[in-house]
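Report on one structure; see the data block that follows.
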Amino acid sequence: MKNFIGKIHAKGFKFGLYTSIGYTACHHPFVGSYTHYQQDARTFADWKVDVVKFDGCGLPPTHPPVQDLTQDMATQLNKTGWHSWFYFHCNPHGPWCAKAGNSFRIGQDHHDDWKNTKQIIEGVLSNPQDYWGQYAWPDPDFLMTGGQGCGSHSPAGSHCPGQSDTEYRTEFSLWCIAGGQLLFTSDPRNMTKIQKEVLYNTDLIDVARDTRAVWGGRVASQCGQPHSSKTACQVFYRVLGHGSKKVAVALFNADDTQTYQITVHFKDLKKVGWRDRTQARVYDLWDHKDKGLETSNYTASVKPHATVAITLELHRLDDSGALATHPYSPFGPWGEWAMAS
């Protein structure tokens, strides 16, 4: 394995490895790391594994608390001195997850169908926790961009997409805003047009890779129609590593049939302290175009299941010309662990 991983590194790639908190993994017949955390951590470090996925299956009926076991594995990885990305299941949910690793699963498994994607967006990403932040990223699970595959005996490079191109763009937009690792679960040797369009979107990838960013969550929005569904128009944002000067915003239409005018009001972006008369420059992350300056708010027409993803860069805080103050620390209390791991 060490030589194999070395060849992967020589080609400019990272190597990820799967294990589990228990005796067995979530898929038979793979084994987990239970009672061998120290041994496995040292082995992973010797092999120079870059990413360790710590799944949540296979524990015996009687066992120590999951959070203690997860922290133990994190500690063993840290002791090796090798820098790896550690992600796991945050169950039960709580601040301990921010202390144990770089990112953590916060909901159900993601599957390649719109119903499931929407459930993750509305049931998980719409309910941010105080402990989500720098180096403690919520992980919505794998990306299904362009189709996961066509079964265990399908030809190499085949794709059987379960969602529309619009839905894959929404998936990628919201996953980048969330900030967890982006793991693509399909064969990359024969990428389709939509896969290339989505996965090569460096503007959105830059949003996801901003390590000083802060998760803003979902904010109030207006659909522009008096009888619109309560949850049809949704606005998510992420404060980028420019202090209070730049945010990424996703305008998401959850409705199945109706196109809506969705508005982000700058004063609702609480973590940057913008005001009612704040002026910001708008940049479209899918069209890759500067949309000019807007004051107080920005509105876009969004089709069903679609997302308009933009950045807003502060031009003027209010009519006085004042600049915003920095409302948060660029590193959370878990930053020291993450920088060293």
Side-chain angles (χ1 to χ4, degrees), residues 14 16-22 25-27 32-34 37 40-41 44 49-59 63-78 83-111 116-117 119-144 171 174-185 207-218 236 238 331-341:
K14 301 292 186 182
L17 183 147
Y18 174 101
T19 186
S20 182
I21 194 171
C26 297
H27 300 280
S33 293
Y34 192 60
Y37 294 167
D40 285 356
F44 300 160
V49 172
D50 302 294
V51 178
V52 176
K53 158 77 175 189
F54 196 59
D55 216 338
C57 297
L59 283 171
H63 58 78
V66 168
Q67 53 264 51
D68 292 346
L69 294 174
T70 304
Q71 183 60 63
D72 182 26
M73 186 62 174
T75 299
Q76 298 305 327
L77 289 167
N78 234 18
H83 295 187
S84 59
W85 183 283
F86 180 57
Y87 77 107
F88 55 93
H89 282 255
C90 181
N91 185 24
H93 290 195
W96 71 271
C97 302
K99 301 176 182 178
N102 305 88
S103 62
F104 36 80
R105 283 283 304 282
I106 50 174
Q108 60 186 300
D109 289 349
H110 185 215
H111 303 291
N116 176 263
T117 298
Q119 287 173 341
I120 291 175
I121 293 171
E122 296 190 334
V124 179
L125 297 182
S126 299
N127 297 286
Q129 305 298 312
D130 291 340
Y131 56 88
W132 295 3
Q134 294 115 342
Y135 306 105
W137 309 115
D139 170 27
D141 202 15
F142 299 119
L143 288 164
M144 300 297 170
E171 173 198 68
L174 271 298
W175 265 235
C176 287
I177 291 285
Q181 68 284 332
L182 302 175
L183 293 177
F184 171 48
T185 60
V207 169
R209 294 181 65 183
D210 189 333
T211 56
R212 295 196 177 202
V214 173
W215 171 249
R218 185 170 66 174
F236 297 83
R238 175 178 170 87
F331 292 102
W334 43 82
E336 183 178 352
W337 185 92
M339 293 294 285
S341 63

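Since the structure is predicted, the reported quantities are computational estimates derived from the model, not experimental observations. Numbers here simply count residues along the sequence, with the first being 1.
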For the residue pair F88 and F104, does the interplanar ring angle fall in the parallel (under 30°), tilted (30 to 60°) or perpendicular (over 60°) class?
tilted
Are side-chain heavy atoms of [X] and [Y] found at a separation under 4.5 Å?
{"X": "Y131", "Y": "C90", "answer": "yes"}
{"X": "L182", "Y": "C176", "answer": "yes"}
{"X": "N127", "Y": "I106", "answer": "no"}
{"X": "T70", "Y": "W96", "answer": "yes"}
{"X": "I177", "Y": "L125", "answer": "no"}
{"X": "V52", "Y": "T19", "answer": "yes"}
{"X": "D55", "Y": "I21", "answer": "no"}

Heavy-atom closest contact ([X] atom, [Y] atom, distance):
{"X": "W215", "Y": "P128", "answer": "NE1-CB, 2.9 Å"}
{"X": "H63", "Y": "V66", "answer": "CE1-CG2, 4.2 Å"}
{"X": "P140", "Y": "A178", "answer": "CG-CB, 4.0 Å"}
{"X": "C97", "Y": "P92", "answer": "SG-O, 4.1 Å"}
{"X": "S33", "Y": "M73", "answer": "OG-CE, 4.5 Å"}
{"X": "P64", "Y": "Y34", "answer": "CD-OH, 3.6 Å"}

Under 3.5 Å, is there a donor on one side chain and an acceptor on the other for E171 and T117?
no
Checking side-chain polar atoms at under 3.5 Å, does Y87 have a donor or acceptor matched by the opposite partner on N102?
no
Could you give the distance from [atom1] ([X]) to [atom2] ([Y]), rounded to the nearest 0.5 Å?
{"X": "W85", "Y": "Q181", "atom1": "CH2", "atom2": "CD", "value": "6.0 Å"}
{"X": "F236", "Y": "S126", "atom1": "CZ", "atom2": "OG", "value": "3.5 Å"}
{"X": "L69", "Y": "Y37", "atom1": "CG", "atom2": "OH", "value": "4.5 Å"}
{"X": "Q76", "Y": "D40", "atom1": "CD", "atom2": "CG", "value": "10.5 Å"}
{"X": "D50", "Y": "L17", "atom1": "CG", "atom2": "CG", "value": "10.5 Å"}
{"X": "Q67", "Y": "K99", "atom1": "CD", "atom2": "NZ", "value": "11.5 Å"}

Would you please indicate yes or no on a ring centroid separation below 6.0 angstrom for F44 and F86?
no
Step through it carefully: locate the ring centre of W175, locate the ring centre of H110, and say whether they are under 6.0 Å apart.
yes
Backbone N or O of V51 within a donor-acceptor pair of the S84 side chain at under 3.5 Å?
no
Do the side chain of R238 and the main chain of V207 share a donor and acceptor less than 3.5 angstrom apart?
yes
For D141, which residues count as a salt bridge (charged side-chain N to carboxylate O under 4.0 Å, His left out) partner, sequence neighbours excluded?
R105
